[in-house]
Amino acid sequence: MSSPSPWHTIGRHDVLPATKHDDRARFDIVAHLNAQIAQTLSPRVKTAYEARARQAFRLRHGRDPVDRHEVAEAMQREPAYRVFSLVRRNTMEIRQHAGRQLVARQAEALRDRAKWANDGARTLQLDPTLEAPRYVSAVDTHLMRGGYTAERMTDDVTNPANYDAGMYATTGGAGGPWNDAAGRALVDWLKREHPQFNPRRIVDLGCGLGHNTLPLRAAFPEADIVAIDVSAPMLRYGHARARSLGVSDVTFMQADATKTPLEDSSSDLVFTTMVLHETSRQALPQIFLESHRLLRAGGLTVHLEQPPYRGLDPFEQFMRDWDGRFNNEPFWSALHESDLPALLVKAGFGAGNVFESRCSALPPSQTVIKNEDFGRAPSWYVVGAWQAAKGIASLG
Ligand SMILES: C[S@@+](CC[C@H](N)C(=O)[O-])C[C@H]1O[C@@H](n2cnc3c(N)ncnc32)[C@H](O)[C@@H]1O
């Protein structure tokens, strides 16, 4: 059995919430519950499907389930799945509750530390007139009360502080001490697949608190980097966190990824990490259109996500769909059924310049990752496209 990294091994910075013994113990319990879900409960769900539920479906229909909806029908009364789902949902509730009570009691201190770090910086550009889309502001995404945009007081940073501290528990430290595995994986992929590519301007759309932006800073020290999000609290916290980690030249800008104020053809790399599944059917193609608008000839857009359902067997699709059904991820299922390469072509990228790939951050010997992937190196599905002539910007 792989063990999650204990919470006390998280990377420290000045806006990370201060924890007591019981806070850390709660987070460690969450990480161990996730390990049990992945390593003990999840395999039992599969056994129950193969040994009982699929047989019962066959008796009723004369054939196997052909898609995740039919697997769901087969599994709805299956005790192993109900226990798995109950424990998983409750683990998320415990994780959110632990994070909320941690940040609520130090809300003012967190706000003041962020204000102090951000004071006078031109690299934090907030837009109080920006209205966040309802798919962000009206959803308690993955059970996070108030979602990304909630502000319980002026200059609030409690939800991002909860997100930062709790993510380490949810993933059992799989993202590394800085929760930045996706950013490091993207850098590894770029350096391996396109070693000549040297972007002068990088745009991170839906940067959150910048976990996965900062590895790009380290990898491309000359580049101008703009990290964009609709959420002012995420940007306030992320900007303060970056400064506390010695990064003071990334611009954190409040804007909608579907219509940023950046100029046409002004960027060489436009990327997202774990953003597309938290958008909407309408926003997704607009984010691709915006990526196309922002890129210079020879520029690259790359998006890291969980793999699409296409090509996975129906049971695997069903298991991966849990977040869409029970974890307040309303666009999860639709995103994983979307044909992202086709949408990139529709956004204006040439079909021959669109690609799919995989990337990963840690050697397989590293332990810990969430849920059914637990114990494997974190890895992502990559979809992207080059703008017109591949490689031109890299040589410029
Ligand atoms: C799951 S978080 C991912 C954050 C970050 N990319 C990371 O890898 O840690 C999704 C983020 O996307 C942001 N977001 C969603 N839709 C957006 C939009 N239309 N424009 C800008 N940000 C958006 C949310 O506010 C949230 O911070």
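By the neighbour-count criterion of 12 heavy atoms within 6.0 Å, atom CD of Q76 is densely surrounded, having more than that number from other residues, nucleotides or ligands. Under a cut-off of 6.0 angstrom, the local environment of NE2 in H32 is crowded, with over 12 non-hydrogen atoms contributed by other residues, nucleotides or ligands. More than 12 heavy atoms of other shown residues, nucleotides or ligands fall within 6.0 angstrom of atom CZ in R105.
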Next on the checklist: Working note: H69 + F318, criterion ring pair (Phe, Tyr, Trp, His ring centres under 6.0 Å); need CA distance, chi angles, decisive distance, verdict.
Outcome noted: CA-CA 7 Å; H69 304 289; F318 164 71; 10.0 Å; no

Checklist entry - Do R58 and D64 pass the salt bridge (Lys or Arg N to Asp or Glu O under 4.0 Å) test, and can you show the C-alpha distance, the side-chain angles, and the key distance before you say yes or no? => result CA-CA 6 Å; R58 269 185 200 148; D64 281 357; 2.4 Å; yes

Checklist entry - For E78 and R54, what are the C-alpha separation, side-chain angles and deciding distance, and is it a salt bridge (Lys or Arg N to Asp or Glu O under 4.0 Å)? => result CA-CA 11 Å; E78 175 52 54; R54 188 169 55 188; over 6 Å; no

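The two residues P17 and V103 come nearest to each other via the heavy atoms CG-CG1, 4.0 Å. Here the closest non-hydrogen pair linking A361 and A181 is CB-O, 3.3 Å. The minimum heavy-atom distance between L300 and F197, with the atom names listed, is CB-CZ, 3.8 Å.
A salt bridge links R88 with D323: the distance from a Lys NZ or Arg NE/NH1/NH2 to an Asp or Glu carboxylate oxygen falls below 4.0 Å.
Judged purely by atom type and a 3.5 angstrom limit, R24 uses its side chain to pair as donor or acceptor with the backbone of T19. Checked by atom type and distance alone, the side chain of N353 pairs as donor or acceptor with a backbone atom of A388 at under 3.5 Å. One N or O on the side chain of R217 and one on the backbone of A223 form a donor-acceptor pair closer than 3.5 Å.
If you chain together hydrophobic residues whose side chains sit under 4.5 Å apart, F288 and V382 never meet in one group. Hydrophobic cluster membership differs between I94 and Y168, with clusters built from Ile, Leu, Val, Met, Phe, Trp and Tyr side chains linked at under 4.5 angstrom.
Ring geometry for W189 against H194 counts as perpendicular: the plane angle is over 60°, on a 0 to 90° scale with 30° as the lower cut.
One finds the CG atom of L205 at 11.0 Å from the OG1 atom of T279 (value rounded to the nearest 0.5 Å). Here the CG-CG distance, from D256 to D127, works out to 10.5 Å after rounding to the nearest 0.5 Å. Rounded to the nearest 0.5 Å, atoms CZ (R310) and CG (L340) are 7.5 Å apart.
Two residues are said to be in side-chain contact when any heavy atoms from C-beta on lie closer than 4.5 Å; K46 and F315 meet this criterion.
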